[in-house]
Amino acid sequence: MVSVSKKLNITKLPSLSPKTHFTTQPFIPFSQLQQQRKHLETDLVSKLDNCRSFTRIKRVHAQIILNGLDQCCYVVTKLLRMLSNVGVPVNSYAHNVFDRVSHRNSFIWTALIRGYCVQGPVNEAVRLYSLMRMEGIGPVSFTFSALLKACSVCEDVGLGMQIHGQIVSVGGFGCDLFVANTMIDMYVKCGFLECGRRVFDEMVVRDVISWTSLIVAYVKSGDLSSAAELFDGLPVKDMVAWTAMVNGYAQNARPREALNLFKRMQDGDVETDEVTLVGVISACAQLGAAKYASWVRKVAEESGYRPTSNVVVGSAFVDMYAKCGNVEEAYRIFERMSVRNVYSYSSMIVGFAMHGHASEAINLFEEMVKTEIKPNRVTFVGVLTACSHAGLAEQGERYFATMQSCYGVVPDADHYACMVDLRGRSGRLEGALQLIKSMPVKPHGGVWGALLGACRIHADPDIAEIAAKSLFELEPDSIGNYILLSNIYASAGRWEDVARVRKTVRMKGLKKNPACSFVEGKDGVIHEFLAGDLTHPRSSQIKQELENLLEKLKFLGYQPVLSSVPYDVDDKEKMRILMAHSEKLAFSYGLLTVASGSSITIVKNLRICEDCHLFMCGASWVTGRKIIIRDNMRFHHFHDGACSCNNFW
DNA sequence: GTAGGGTTAG
């Protein structure tokens with residue numbers, strides 16, 4: 001090796017006078033220059049970090065060029081990331097910046113690839129990845145997680161599997177937690193849960209994120225037992241994991257289990273945030289009891305969340321109070337919310353609709369469209385339901401006709417179901433049938449079900465047969481549809497047809513859903529009554545109370561609606577069956593226990609029958625009590641002998 | 001840089 005001194009022949013150094021050569025440039029050691037450059041880099045990177053607009057970024061970019069740092073991968077990587085974050089199309093500005101860098105490292109390549117991953121097209125990201133590999137640049141773990149994330153966003157499992165193959169062939173990255181976790185997420189978001197599970201099972205090291213991704217995947221697929229099994233096996237659970245499981249129960253209509261798990265979460269001193277709260281609030285909404293409503297309100301405030309200052313928590317509370325029968329409190333919260341969004345408005349509109357307050361729902365909708373907030377499909381479901389339940393047929397038709405042209409919401413099968421309901425209820429059964437035939441999308445069970453329900457109200461067994469035929473094809477095992485058809489036949493006295501439907505039900509081995517009602521006693525305990533149930537400890541008192549009431553009602557002219565009994569039995573037996581309906585038993589118990597002057601709230605699993613409806617109207621008059629009944633359709637508020645639904649349900 | 005969220009009709 002030739003030494004530098006020999007090569008340059010500098011054994012004899014010329015005697016340079018520092019005076020002549022360094023007068024304007026003071027001597028700065030290299031290490032100090034390096035340090036200065038480092039400071040400059042850090043300074044520009046932090047400036048970039050604070051940029052929230054393209055204009056600001058361009059300004060910093062000019063400084064980067066001025067300082068000669070446009071070849072510095074560290075700074076340019078940050079520049080590319082920020083450009084993509086503020087949404088500047090990656091194929092223009094960012095790509096130019098990238099092209100001008102002569103020596104590119106993995107990070108700068110990855111920043112550009114990420115840009116395409118976020119903005120698309122993903123294929124371009126994959127092409128760049130190949131180019132990078134051809135240039136001999138090795139990927140970093142973030143290169144793969146960005147690519148995998150992109151595959152999950154566009155649900156392209158084929159591409160995802162290609163990336164998976166790359167990860168395996170490059171080697172080493174399969175063990176990277178970030179990469180493996182993103183891979184699980186990619187598979188489950190694409191709907192390949194089993195593949196995600198395989199990745200999970202093959203992982204040597206897992207963290208709470210790996211577990212949670214999979215738990216959520218099981219929750220979304222409705223497989224709660226697999227989710228719970230994983231959750232139980234998770235060694236260290238954090239707030240997100242707990243929340244995933246609590247909300248999993250809530251989303252799958254298992255509110256009691258959601259609340260039990262939440263109590264365990266609290267016992268474990270795990271923090272509660274707004275995401276946890278919405279799940280818990282939604283569970284309480286499903287239970288529909290005032291007891292739970294006040295409990296969760298307290299829980300929220302203890303965790304520092306006020307329904308009026310947090311839009312997500314607030315909207316959940318609006319929905320919950322409406323579902324618990326307290327639409328006044330729902331509106332009180334809604335009114336005081338400092339920020340509202342489409343969820344808040346939709347929840348309130350649907351809440352009003354559920355309680356038969358059609359004009360309030362419509363007024364609120366009109367108020368909403370004057371704001372910046374755009375109505376969505378759920379908002380229109382609420383508005384159309386409100387019109388339908390209040391018999392506002394013309395207004396409903398108008399909203400339906402303009403929802404696409406004025407608000408850009410394309411009517412889907414759910415909206416058609418509302419319209420069939422609206423036309424059907426107002427007696428235009430043929431018009432409803434025509435609407436179904438003209439639908440641009442395939443009608444689902446809800447659409448035919450709405451027609452069948454209307455046939456019950458207007459006693460039309462012929463159209464009911466048409467609706468039922470399609471309905472039985474779509475939902476062959478749904479017992480409610482058979483019962484509805486059988487009841488329509490029964491009201492028309494067509495007992496042979498009733499027998500035929502019942503035979504089908506028996507042959508299919510379908511079991512009838514027993515009717516049951518809940519009422520909250522003054523002790524806060526929820527009492528459940530089944531139809532004809534005499535097992536309650538205070539059964540004889542309940543029966544006596546009911547008989548006293550019946551006497552008074554009869555005196556006022558109440559005549560039992562015997563046609564509400566769909567059995568071919570004598571009138572005396574029909575009377576006995578009617579008096580043992582679960583909501584009547586629950587109401588009678590309420591009279592015995594709920595403080596006088598307070599309203600009585602009953603939750604029923606099936607639709608209230610005509611006789612019970614009439615009975616409750618009279619009972620609210622005779623007893624002076626407000627009676628609120630939530631059936632599986634909506635709320636009925638009985639007061640002074642009338643119901644909020646105007647006998648239209 | 002990877003995991004958890006609220007409104008829906010018969």
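Chain A is the first sequence line, chain B the second, and so forth, proteins listed ahead of strands; every chain is numbered from 1.
- Using a 4.0 Å heavy-atom criterion, one finds that His444(A) contacts no nucleic acid atom at all.
- Within 4.0 Å (heavy atoms only), Val378(A) reaches at least one base atom of the nucleic acid.
- For Tyr399(A), the ring-ring contact (aromatic ring centres under 6.0 Å, His included) criterion is met by Phe365(A), not counting sequence neighbours.
- Sorted by first and then second residue, the salt bridge (Lys or Arg N to Asp or Glu O under 4.0 Å) pairs with a member in residues 418-435 of chain A read Glu397(A)-Arg423(A), Glu397(A)-Arg428(A), Asp421(A)-Arg425(A); sequence neighbours excluded.
- Using a 4.0 Å heavy-atom criterion, one finds that Met245(A) contacts no nucleic acid atom at all.
- Across all strands shown, Gly382(A) has no heavy atoms under 4.0 Å from either base or sugar-phosphate atoms.
- Using a 4.0 Å heavy-atom criterion, one finds that Arg114(A) contacts no nucleic acid atom at all.
- Ring centroids of Phe334(A) and Tyr345(A) are separated by less than 6.0 Å, placing the two rings close together.
- Pairs engaging residues 435-471 of chain A under the ring pair (Phe, Tyr, Trp, His ring centres under 6.0 Å) rule: none recorded [sequence neighbours left out].
- Separation of atoms CZ (Phe380(A)) and CG (Asp414(A)) is listed at 14.0 Å; rounding is to 0.5 Å.
- Residue contacts for Val311(A): at a heavy-atom cut-off of 4.0 Å it reaches a base atom on one of the strands shown.
- Among the heavy atoms of the strands lying under 4.0 Å from Val350(A) are primed sugar atoms or P, OP1, OP2 only; no base atom is included.
- Residue Asn341(A) is in base contact, counting any heavy-atom pair closer than 4.0 Å across all strands shown.
- Using a 4.0 Å heavy-atom criterion, one finds that Asn632(A) contacts no nucleic acid atom at all.
- Taking the six-membered ring for Trp and the full ring otherwise, the centers of Tyr249(A) and Phe262(A) sit at least 6.0 Å from each other.
- For His355(A), the ring-ring contact (aromatic ring centres under 6.0 Å, His included) partners are Phe635(A), His637(A), not counting sequence neighbours.
- When heavy atoms are screened at a 4.0 angstrom cut-off, Ser388(A) is found touching no nucleic acid atom at all.
- At the heavy-atom level, Lys220(A) lies under 4.0 Å from the strands shown only through sugar-phosphate atoms.
- Residues passing the ring-ring contact (aromatic ring centres under 6.0 Å, His included) test with Phe192(A): none are found, sequence neighbours excluded.
- Under the rule for a ring-ring contact (aromatic ring centres under 6.0 Å, His included), the partners of His164(A) that lie at least two apart in sequence or sit in another chain are Tyr187(A).
- The list of salt bridge (Lys or Arg N to Asp or Glu O under 4.0 Å) pairs with a residue in residues 309-324 of chain A, not counting sequence neighbours, reads Asp319(A)-Lys323(A).
- Reading DNA chain B from its 5' end, the first and the last nucleotide to sit under 4.0 Å from a heavy atom of chain A are dG1(B) to dG10(B).
- Within the structure, the side chain to side chain donor-acceptor pair (under 3.5 Å) test picks out the following pairs touching residues 198-215 of chain A (sequence neighbours left out): Asn181(A)-Asp207(A), Asn181(A)-Ser210(A), Arg197(A)-Asp201(A), Asp207(A)-Ser210(A).
- Residue Ser213(A) is in sugar-phosphate contact alone, with no base atom involved, counting any heavy-atom pair closer than 4.0 Å across all strands shown.
- Taken residue by residue, residues 452-480 of chain A places heavy atoms nearer than 4.0 Å to DNA chain B at Gly453(A), Leu471(A), Glu475(A).
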N/O donor to acceptor pairs below 3.5 angstrom from side-chain atoms of residues 470-485 of chain A, sequence neighbours left out:
{"residue": "Glu475(A)", "atom": "OE1", "partner": "Asn481(A)", "partner atom": "ND2", "Å": "3.0"}
{"residue": "Tyr482(A)", "atom": "OH", "partner": "Pro476(A)", "partner atom": "O", "Å": "2.7"}

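- Using a 4.0 Å cutoff on non-hydrogen atoms, the parts of residues 274-284 of chain A near DNA chain B are Glu274(A), Val275(A), Thr276(A), Val278(A), ordered by number.
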